[in-house]
Amino acid sequence: MLSFFILCLASVVIAQQPRPCTSPSQWEASVHSSNPKLDADLVGQLSYDSIYQRTRILQHVKVGTTETYYDIITFYDAKLVFIVNMKNGECSRSTFDQPWSDFAIQSDATSLGEAYIGSSTIHDAGLLVTIWSGNQTIPLNETARYIQTWTFENCLPVSNIVFEPSGSVNYMWYYNITLGIQDPNVFIPPARCWNDKKFLIQYNLFGPRMN
Ligand SMILES: *[C@@H]1O[C@H](CO)[C@@H](O)[C@H](O)[C@H]1NC(C)=O
Ligand SMILES: *[C@@H]1O[C@H](CO)[C@@H](O)[C@H](O)[C@H]1NC(C)=O
Ligand SMILES: *[C@@H]1O[C@H](CO)[C@@H](O)[C@H](O)[C@H]1NC(C)=O
C-alpha cells in the first residue's frame, strides 16, 4: 500500500528540486488528526507562535467512545504547559523538557518532488505542494518515517503522515490557515491556572501585556 502511494506520488513529480523551508512565524489552522489503529481522532484549532515560542491547541479528541475537550497552551521558553479540561474547567500545569523547534521541513528530509493537489489545468482547483519524507523521533524515543506535504508558496503545512514502528499510522491535516495570531489572548491560561504570586514571580510568561 505504501509503495503504491509513493509510486503514485513519484509519477506526478516535476523535475526541479525543492528546498526545505520554514513556515511563517505566526499562523493559525484548523487541524484534523487520525490514528486508525488507536481508533483515535482529533479535531482542533492550532495557534503557532515562533516569536514567543508558544503554541495553543483547542482540541476535541475521541478515542474509541471516550471524548475529551482540552485547551492546551505550551510555553517552550518557560518549559510550561497548561492543560484546561473544557468539560469540567479543571486546569493543570506542568513542566516539560522539549526544546522549541520552528515549524519547518527538516533539513535532512528527502524531497519526493512537487505536485498539484487537485488539478493545475482547472482554474482555482489546484494547490501546488512539495512532498517530503524523512525520519523523526517520536515519544518513547523511537524513530518513525514520515511523509509530509507543504504548500509550495509560503511553506504552509498541508499534511503529515507518520508511520510508527508499532505499525500504527498517524495522519495529520492542516486546513484554513491564516497568518498572524488573531487574538493573542488565546495564549493566556484562565486566571485559576496561574494566580499564585510565587508562580507569577518565577515565570514571566506573557511578555508585554496584551490586554
Ligand atoms: C529513515 O530510516 C530508514 C531506516 O533506518 C532508512 O532506511 C531511510 O533511508 C531513512 N530515511 C531518511 C529520509 O533519512
Ligand atoms: C534516545 O535514544 C538515543 C539514541 O539511541 C539515546 O542516545 C538517548 O539517550 C535516548 N533518550 C532517551 C530519553 O531515552
Ligand atoms: C474552513 O473554512 C471554511 C470557509 O470559511 C469553513 O466553511 C469551514 O468550516 C472551515 N473548515 C474547518 C475544518 O475549519
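We use all heavy atoms of the structure for the numbers below, so side chains are in, but hydrogens, waters and symmetry mates are not. Keep in mind that what you see is a predicted model, and the values were worked out from it rather than measured. Start at 1 and go down the list; that is how both ligands and their atoms are numbered.
In this structure, Tyr69 belongs to a hydrophobic cluster whose other members, linked by side-chain heavy atoms under 4.5 Å apart, are Leu58, Val84, Met86.
At a cut-off of 3.5 Å, with distance as the only test, no side-chain donor of Thr137 or Thr143 sits close to an acceptor on the other residue.
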Q: Applying side chain to side chain donor-acceptor pair (under 3.5 Å), run through Ser159 and Thr149 and close with a yes or a no.
A: CA-CA 5 Å; Ser159 68; Thr149 50; 2.6 Å; yes
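Under a 4.0 Å N-O distance rule, the pair Lys79/Asp97 does not qualify as a salt bridge.
Pairing each heavy atom of Trp100 with each of Asp49, the nearest pair is CH2-O, 3.6 Å.
Judged by the 6.0 Å and 45° rule, Arg54 forms no cation-pi pair with Phe75.
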For ligand 3, which of its N or O atoms have a protein N or O partner closer than 3.5 Å, and how long is each gap?
residue  : atom   : partner : partner atom : Å
ligand 3 : 2 (O)  : Asn176  : OD1          : 3.2
ligand 3 : 2 (O)  : Asn176  : ND2          : 2.3
ligand 3 : 11 (N) : Asn176  : ND2          : 2.9
ligand 3 : 14 (O) : Ser30   : OG           : 2.8
ligand 3 : 14 (O) : Asn176  : ND2          : 3.4

